[in-house]
Amino acid sequence: MKIGIYLCTCEGEIEKVIDIDSLVKEASGWSGITDVHKDAFLCSEDGIRKIRKDVESSGLERVLIAACSPFFKMEEFSDLGLNKYLVERVNIREQCSRAHRNDPENATKKTKAMLRIFLEKAKYSQPLQPLQLPSLRSALVIGGGVAGINASIDIAETGNEVFLIEKNPFLGGKVAGFHKYFPRMCPPSCGLELMFSKIKSNPNVHVLTSSEIDTISGSPCNFEIFIKTSPRHIDMDKCVLCGKCLEVCPHNAIVYPEGFSYPCIPAINKGLCAVDCNKCVAVCPVDAIDLDEEGKATNIKVGAIVLATGWEPFDPTPLAEFGYGRLENVVTNIEFEKISKEKKISFEEPKKVAFIQCVGSRDERHLPYCSDVCCMVSIKQALFLKEVNPDNEVYIFYNDIRTPGEYEELYQKARRRGTIFIKGIPSELKQDEPQKINFSVFDTVAGKRLDITTDMVVLATGIKPSQGTIDLKEKIGIVLNKNNFVESHIQCYPQDTQRNAVFSAGCCRAPMDVSRSIESAGAAAIKTLQFFNNCTEITPDNPAVNILKCDVCKRCIEECPFKAYSFDEKGFPKSDIMKCRRCGVCMGGCPLAAISLGGLSIEQLSVMLDVFDRSYLGEDEPLILGFLCKNDAYRAVDDAALKGITYPPNFFGIMVPCAGAVNGAIIAKAISTGIDGVLIAGCPDNQCHYIHGSTLAKARLTDISNKLKEMYLEPERVRFISIGRDDPEKFADSIEEYVEELKKMGRNPLRL
Amino acid sequence: MRYAFYLGCATPVKALKYEISTRNLAKILGIELVDIPEFSCCGFPVKSMDSFAALLMAARNLAIAEEKGMDIIGVCTGCMAILSEAKEYLEDEKLRDKVNEKLKAIGAKEYTGRVKVKHFARFLYEDYRLDRIRDKIVTPLASLEFGIHYGCHYMKPTHAHGHFDDPSNPFTIDGLINITGAKTINYPNKNLCCGLTIMGTAEDISFRLAAEKLEYLSSRGVDAMVVACPSCCIAYENNQKLVGKRVGKEFNLPVLYFTQVIGLAMGLSEKDLGFEFNRIKADKITEKFK
Amino acid sequence: MPPYVVKDKCDGCKGKEEPLCEQICIGDLMTLDMNTGKAYCRSLRDCWDCMSCTKICPKGAIEQRIPYQLGYHGAKLIPMMGTDSITWTCVDINGKVERFTYRTRNKK
Amino acid sequence: MYNEFFDREKLKYCYQCGKCSSGCDINRIDVSFQPHRLLHLISIGAADNLMEDAGLWKCTTCFTCSERCPQGIKVTEILWIARTIAVKAGHIPELLITQKDILLRTGRLIPMDNKKRGKAGLTAIQEESSVVARIFEIVEKEK
């Protein structure tokens, strides 16, 4: 095998500490080395050109770049005329010359040991070819509320096919029933009508109402979805919307559309029908009703899925002290929308109305979160009351009024129009005389108790995740958070769920108002388009199962954070290249060490340990082998070098994608071949990029530590630490501490 | 049906009619209430002095019932709340171990958490069940109307009591009284506290609390107030004259225990129900059903 | 001396069907208790002390004492499996500890 | 000892909505008694005066505040603990001294009157005098 080693002096910086020339001399003598080259500026155009020329002329099969951290100059070293998986980066700048700047002798020794093991690793690397796996350019949008409709329009108008499914007979969701939207106070019909006309005119959108997901199979880029559609019992083409069926139906079974609904055709809820009633069939002038119509099953294929399963209003009945359902004129804010829209109660005669905020929200026993919209909703409704008649007396009882950003303007407006805001929540509502509600409240600002009698109390109930979201949890395999909203990396990738090619829009992710729902729908649509474009080329480094070793214990299937594993045709586990996120948690957990990641196999780690010079610092110096998680710990170690923090050269770090990727057999081999301490450094608690990688790593280390105890070895020889990427000090301190401890423990008795 | 009968401190001295009527009612319902002489104070008064001592006292009583192999039925809502709360605290194993260690030191048995604690009214509603009581009614009390005072500790704290009744809109004792044919009213200050616990420290507030309910029920003209706790009865009956004097009114509202009302409907005699000990005579009621 | 499963450590191999010890046992003695989800040896006297289950257990949950013919009561033999190595720890009846590391024929 | 009961962590959850005071009947009669204020003062560590405050002894422990607290804070329980702290600091109401005395003497809050019971046809009950005394002894020793 022809191997070239390129040592960079980083314009003399590395050479200031490390004796590069002696290393060049030494390495030239190693077997299989074709060329060892020293360069002052390897990442320069000249440097790259030199490597490319060598690869071409001498036919190098592996290239070792001993220079800076692999997180620098990724672009420059990615195309050397050699498959990029055959190029090995050895981080001698951050981990040797900078980290041990005060100890040149040992830094050189460590560099040599490092070169030796990464050389061995390179010998066992495999070339990998990127896969071409174009996605179907079609998406499924689940939920026909304002978020789902907007996501569909955005995806369709960029030329992709969209299937929009909705479990109710009409699109529009909850907002269709509202009186007005804030902050501009326009009626929902206005916005929805425009959206419906866009849907109608766009051939890319396929709307399936009265439909629900039956099953989902396949994987990202190519999902296969079975949809169940319940019968509408009314022929969409024939119906002329005369309304006669509605008039004759004795059972309230006709679901009649509002003026702007889509599709604007009634539906019959056969569950409410009486057998052999048939009154509607008889009266229909165009013969559009077919009560025997059966449900349909549809089968579609899509590349990506957008969840827009929305929300449900919180039911305040469990808060019995507010007497909802027991006292007259105690209504929820949703009911108040209806009252104001349909003018069921006239507010032209001045009335006294009290709003109670945070009913159910910010309540440990019900909705522990802030429902985001209720403050604005109550302010909107207060403004409505003041608009109908300025003499309406409006009270808002609140914990904290939350009107972020420009919504503050409406809050100010409500105050100026004479809404009375009182900080204090009433504890019990009573009805001393009919139609009146009286209660007493402690005004915590005034330090006084107020006794109040009103004509109506509106409970500002909050937003709770819809049952639809929960039902889909198993079908799609999405992860929900403790409140049953869709879990996501809320800061950086809010629209991504924890499954590839499944995105979320609107209230299924968190409580939000109409404008933010539409925003998030746009973001989800963009993510979908990005996915369509990006997945034409897929990195092939997903884990592979060695079926000669695999015993089908199914641990990988259980532990995979992304549920990427299923059985192949031979009955062995296989990771789905599209669902997998390359964390290696399966590789770390396999009891038979049968799983290897594309760029870092068990075999490579094993041979690295074979050639590792255990006494590179001398016989009595303890040796720590560290596995550093890519997202946090490795960055922190790089950061230490940058900030000039030093640590003992006894530590030796290898990058792994996640702390959970380190297999127990590797640790066992390390300990049993004389390494004094094994350290796994992962993300701080609950910040693991792969959900439970560091938790699993901790549990596995505990098992090994127990085993060491049984073997009468010190259980502290293996250890887990959490390092944030911005916490290099903690890293350096723990290494120093660990070296001291190991010195006290003495040499690993298994070292030969 | 054998149960450890937890009388508490107030009932056997201050509420003899409650004890007599409960024992006789239990007899005709076929419930055996076993007296346990070892029971001590539940710990309620100690809770203001030392929480751990209070917990130990409650745990000791629970351990005694457990040793005898019987669940506890009590008549004082305060005692039941304290024992139920202690049960909830002692679900924590660490605390339980610690308490058991101390129990051992005073020569009591270990508490493991098996024993159940129920107020007699809750027991009748939940376990004995209304239909079985209905079968035993001989003289329906159709013409009577009562205002029920539950007593705060009867169902609160709800987590300790297992959420068996709704504190904002209680219904269990109403159910028991309605089964006798008598009417019960829903009134605005139904959930008001009797105030007895602060009689010694804030007498004025205590009396004003009691007065509010007495005033309302008197004005509504109910036949009597029905209670389920000796303390509440002391606040409303024993103190009725004092309370009246404080607010410048004269009350004459009979206060009955729920056991007396149910017993009356089951044909028990006035003597068996301890009516002689009623300070505000309920002759109007008893005469009707002689 | 038959294998002893440490209940706290055993996780039933998560798959809930056939744990690794059941697959590896040549005598078909190890199996899963469906009620507890933990492995156990269903016929203690048939065990040959081959220690396959001890070696393969990913949680280190199976303990084995050396049969009396070899080391008398109290003596212990603990294996630790690396990728291509095994380390045996022997503890004899006097508490003397010896360790041996061997290469195995496992592919790396 | 009270630390085991005193859910200090939970206390920090209070966001001063005032629902406890709104529903408190004592507050209705005597506005100086404000549970939400008590929680606030304890949580910011300014409760020194409170321990001397007679307001502490106005609560009937009716649990309404605990039931309705949206943050699930056991307000009554906290008040009870505050009382024990006040007692330790020596602010003991007359009544409590008497009650403790009777408890230590008889094991009951109200001394038994077996003569009265006999007249009513009820069996006599013996006082378990030593139990409470022993419990207090053990708890004192612990300190």
Side-chain angles (χ1 to χ4, degrees), chain A residues 120 124 546 548-560 565 573 588-594 596 601-610 663-675 696 699-713 748-752, chain C residues 4 6 8-25 30 32 37 39 52-65 76-92 94-108:
Chain A
E120 205 63 18
Y124 285 85
N546 180 350
L548 294 176
K549 281 187 180 178
C550 175
D551 236 345
V552 204
C553 73
K554 298 185 275 296
R555 188 171 287 264
C556 46
I557 296 179
E558 290 295 319
E559 289 185 346
C560 174
Y565 271 93
C590 181
L592 296 164
S596 284
S601 65
I602 291 278
E603 190 183 23
Q604 280 175 315
L605 287 167
S606 184
V607 294
M608 281 162 91
L609 287 174
D610 283 341
N663 195 292
I666 293 292
I667 302 170
K669 179 167 177 179
I671 295 288
S672 58
T673 54
I675 285 170
L696 283 173
R700 291 171 193 157
L701 270 194
T702 313
D703 291 339
I704 294 173
S705 173
N706 285 334
K707 173 80 97 183
L708 292 182
K709 214 190 279 175
E710 278 177 44
M711 293 168 67
Y712 293 89
L713 286 173
N748 180 351
L750 290 162
R751 203 203 279 194
L752 293 171
Chain C
Y4 167 69
V6 183
D8 290 346
K9 291 186 188 169
C10 173
D11 66 354
C13 278
K14 293 191 180 179
K16 297 277 178 223
E17 270 170 44
E18 232 186 26
L20 284 163
C21 49
E22 180 169 352
Q23 293 192 30
I24 199 106
C25 179
M30 298 302 294
L32 200 65
S52 297
C53 53
T54 315
K55 284 193 261 181
I56 204 165
C57 178
K59 301 292 287 179
I62 305 179
E63 284 181 6
Q64 206 149 18
R65 309 258 154 150
K76 269 166 101 181
L77 198 55
I78 304 129
M80 181 167 76
M81 299 287 289
T83 47
D84 57 349
S85 65
I86 182 164
T87 300
W88 290 100
T89 305
C90 290
V91 188
D92 76 6
N94 301 317
K96 193 179 147 216
V97 182
E98 280 183 283
R99 302 188 191 87
F100 310 93
T101 303
Y102 298 104
R103 284 274 157 147
T104 59
R105 272 175 285 172
N106 285 344
K107 223 176 147 251
K108 275 162 190 167

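To the nearest 0.5 Å, atom CZ of residue A:Arg555 and atom SG of residue C:Cys13 are 5.0 Å apart. We find the NZ-CG distance between A:Lys554 and C:Leu20 to be 9.5 Å, quoted to the nearest 0.5 Å. Of the inter-residue distances, the one linking C:Thr101 atom OG1 with A:Ile671 atom CD1 reads 11.0 Å to the nearest 0.5 angstrom. Distance check: C:Lys14 NZ to A:Ile557 CD1 gives 13.0 Å after rounding to the nearest 0.5 Å. Taking NZ of A:Lys707 as the start and CE of C:Met81 as the end, the distance is 9.5 Å to the nearest 0.5 Å. Rounded to the nearest 0.5 angstrom, A:Asp551 CG and C:Ile24 CD1 are separated by 6.0 Å.
Contact of A:Leu713 with chain C is made through backbone and side chain together, with heavy-atom distances under 4.5 Å. A:Leu750 touches chain C through its side chain: at least one heavy atom from C-beta onward sits under 4.5 Å away, while N, CA, C and O do not. Interface remark: A:Leu609 contributes no atoms to any contact with chain C (heavy atom separation under 4.5 Å). Residue C:Glu63 touches chain A through its side chain alone, counting heavy-atom pairs closer than 4.5 Å. C:Lys59 touches chain A through backbone and side chain together, each having a heavy atom under 4.5 Å away. Using a 4.5 Å cut-off between heavy atoms, A:Glu559 contacts chain C through its side chain alone, with no backbone atom that close.
In terms of heavy-atom proximity, C:Gly60 sits nearest to A:Glu710 at O-OE2, 4.3 Å. For the pair A:Met711 and C:Ile78, the tightest heavy-atom approach, listed with the atom from each and the gap, is CG-CG2, 3.9 Å. For A:Pro591 against C:Ile56, the heavy-atom pair with the smallest separation is CB-O, 4.4 Å.
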Evaluate the criterion side chain to side chain contact (heavy atoms under 4.5 Å, CB included) for residue pair A:Asn663 and C:Thr83; output intermediate values, then yes/no.
CA-CA 9 Å; A:Asn663 195 292; C:Thr83 47; 6.0 Å; no
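A salt bridge links A:Lys669 with C:Asp84; the closest basic N to acidic carboxylate O contact falls under 4.0 Å.
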